[in-house]
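As a basis for the values below, the full set of heavy atoms in this structure was taken, side chains included, without hydrogen atoms, waters or symmetry mates. Residue numbers run from 1 in the order of the sequence given.
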Amino acid sequence: MAITFYTSHRSGCKRSASNPFSWNGLQQWTNACTGSHRVSIVLAELNLPFEEVIIDLTTPRTAEYLAINPLGLVPALKWNGNVITESAIIAQFLVDAYPSHLLPALGTPEAALHRARVSAFADKFITKLQSQVFKFYSAKTDAAADAVVGDVVAAAVKEIEPLLSDAAPFFGGSEKLTFAEALTAPFAIRLVTLVEAGVLPSAVLEQLKIQAPNFYKWIHAVSQHPSVTRYFGKDAVIAISKSRIAKARE
């Protein structure tokens, strides 16, 4: 097995002068975006050995990396010489190749049903909830941002809260992180962090605590998990988010 993870942020590997991040195994090319964060969480939970290659997104892509991904995008993963791109596809490949507590192997109707529920949760989180959260970044005024709060809370109550009725504290009654969290945690921790930092309205968490208690408990459990926080650049996320919001209000 040989795995390389191409990235512009560190995934907690030990560093050497000759090779920034090197283990025998996987390679990943990534950056500090939510997609790369997602793959890093899966790699951490699977405890796979891999080589991590840092990609500087502030400079033109090198010929070496363009040979890996001609589009120059991250993350990318090389497994035994095969290149895989797009974070959700990379993450799915990893959990399929290495069955674990994250996602059960196929083979039974029960396993297939669980996988379907995980997919439904992740899809609703991104398309129904996160699509509302993104509106904060285009709000022109504080009043407009306050209006978004209602949309976010309503989406959480309708779409996500019922799916977390048995969370313990993670999806499906699990005591361990699951694939449902791996796919959505990068967004969850950003929401909590930005509200707590005062970048997004405090009313978001205040209302979620009352109207969507399952989701409120879940999002905090996810945001505190070591595999999620380990790869999260809090200060950078806050600074970038502030800049995006300020630019939208110019």
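With Glu161 contributing its side chain and Phe215 its backbone, the two residues share a donor-acceptor pair below 3.5 Å. Of the possible donor and acceptor atoms, none in the side chain of Ser243 sits under 3.5 Å from a partner among the backbone N and O of Ala239. Put simply, the side chain of Arg38 never gets that close to the backbone of Ser87: no donor and acceptor are under 3.5 Å apart. When atom types are taken as modelled, the side chain of His220 and the backbone of Tyr216 share a donor-acceptor pair closer than 3.5 angstrom.
Between His101 and Glu45, the side chains place a donor N or O and an acceptor N or O closer than 3.5 Å (distance only, hydrogens not considered). Thr178 and Glu181 share a donor-acceptor pair across their side chains, judged by distance under 3.5 Å alone. When only modelled atom types and interatomic distance are considered, Arg190 and His37 share a side-chain donor-acceptor pair under 3.5 Å.
A continuous path of ILVMFWY side-chain contacts below 4.5 Å connects Leu48 to Ile89, so both sit in one hydrophobic cluster. Following chains of ILVMFWY side-chain contacts shorter than 4.5 Å, one cannot reach Tyr137 starting from Ile240, and the two form parts of different hydrophobic clusters.
The CG atom of Leu177 sits 7.0 Å away from the CD1 atom of Ile41 when rounded to the nearest 0.5 Å. Atom CG of Asn47 and atom OG of Ser100 lie 10.5 Å apart (nearest 0.5 Å). Distance check, rounded to the nearest 0.5 Å: CG of Leu66 to CG of Leu73 gives 10.0 Å. For the atom pair CZ of Arg244 and OG of Ser138, the computed distance is 9.0 Å after rounding to the nearest 0.5 Å. Here the straight-line distance linking atom OG1 of Thr108 with atom NE2 of His114 works out to 10.5 Å at 0.5 Å rounding. For the atom pair CD1 (Ile55) and CD1 (Ile68), the distance works out to 9.0 Å, reported to the nearest 0.5 Å.
Electrostatic pairing of Arg115 and Asp96 counts as a salt bridge here, judged by a charged N lying under 4.0 Å from a carboxylate O.
Around atom CD of Glu86, no more than 12 heavy atoms belonging to other residues, nucleotides or ligands sit under 6.0 Å away. Other residues, nucleotides and ligands place no more than 12 heavy atoms under 6.0 Å from the CZ atom of Arg117.
Side-chain contact between Leu194 and Lys242: absent, with no pair of heavy atoms (C-beta onward) separated by less than 4.5 Å. Between Phe179 and Gln92, the closest side-chain pair of non-hydrogen atoms falls below 4.5 Å. A heavy-atom distance below 4.5 Å is found between the side chains of Val204 and Phe136. Contact check for Leu200 versus Ile245: side-chain heavy atoms found under the 4.5 Å cut-off. Side chains of Val222 and Ile189 form no contact here, defined as non-hydrogen atoms less than 4.5 Å apart. You'll find the side chain of Glu206 stays beyond 4.5 Å of the side chain of Val153, heavy atoms only. Between Pro169 and Trp218, the closest side-chain pair of non-hydrogen atoms is not below 4.5 Å. Inter-residue side-chain proximity for Val39 and Leu94 is flagged as met; some heavy-atom pair is nearer than 4.5 Å.
Under the 30°/60° scheme for interplanar angles, the aromatic rings of Phe134 and Phe187 are found to stand perpendicular. Ring orientation note: the planes of Phe121 and Phe171 are tilted relative to one another, at an angle of 30° to 60°.
Minimum interatomic distance between Ser174 and Lys176 (heavy atoms only, all atoms of both residues): OG-O, 2.6 Å. Pairing each heavy atom of Val148 with each of Gln132, the nearest pair is CG1-O, 3.5 Å. In terms of heavy-atom proximity, Ala139 sits nearest to Ala248 at O-CB, 4.4 Å. Closest non-hydrogen pair, Ser202 versus Val195, comes out as CA-CG1, 3.8 Å. Shortest non-hydrogen contact noted between Thr85 and Ala76 is CG2-CB, 4.2 Å. Taking every heavy atom of both residues into account, Ala44 and Tyr231 meet most closely at CB-OH, 3.2 Å.
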Query raised in the report: Would Phe170 and Glu175 satisfy side-chain contact (heavy atoms from CB on, under 4.5 Å), going step by step from the backbone distance to the final call?
Result: CA-CA 6 Å; Phe170 302 116; Glu175 295 181 355; 5.9 Å; no
Requested in this report: For the pair Lys124 and Leu163, evaluate side-chain contact (heavy atoms from CB on, under 4.5 Å) and give the outcome as yes or no after the intermediate values.
Outcome: CA-CA 10 Å; Lys124 286 191 174 185; Leu163 303 180; 4.0 Å; yes
Report task. Would you sort out whether Asp151 and Lys128 count as a salt bridge (charged side-chain N to carboxylate O under 4.0 Å, His left out), showing the intermediate values? Result -> CA-CA 10 Å; Asp151 295 334; Lys128 305 298 184 180; over 6 Å; no
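For Phe93 and Trp79, the gap between ring centers is short of 6.0 Å.
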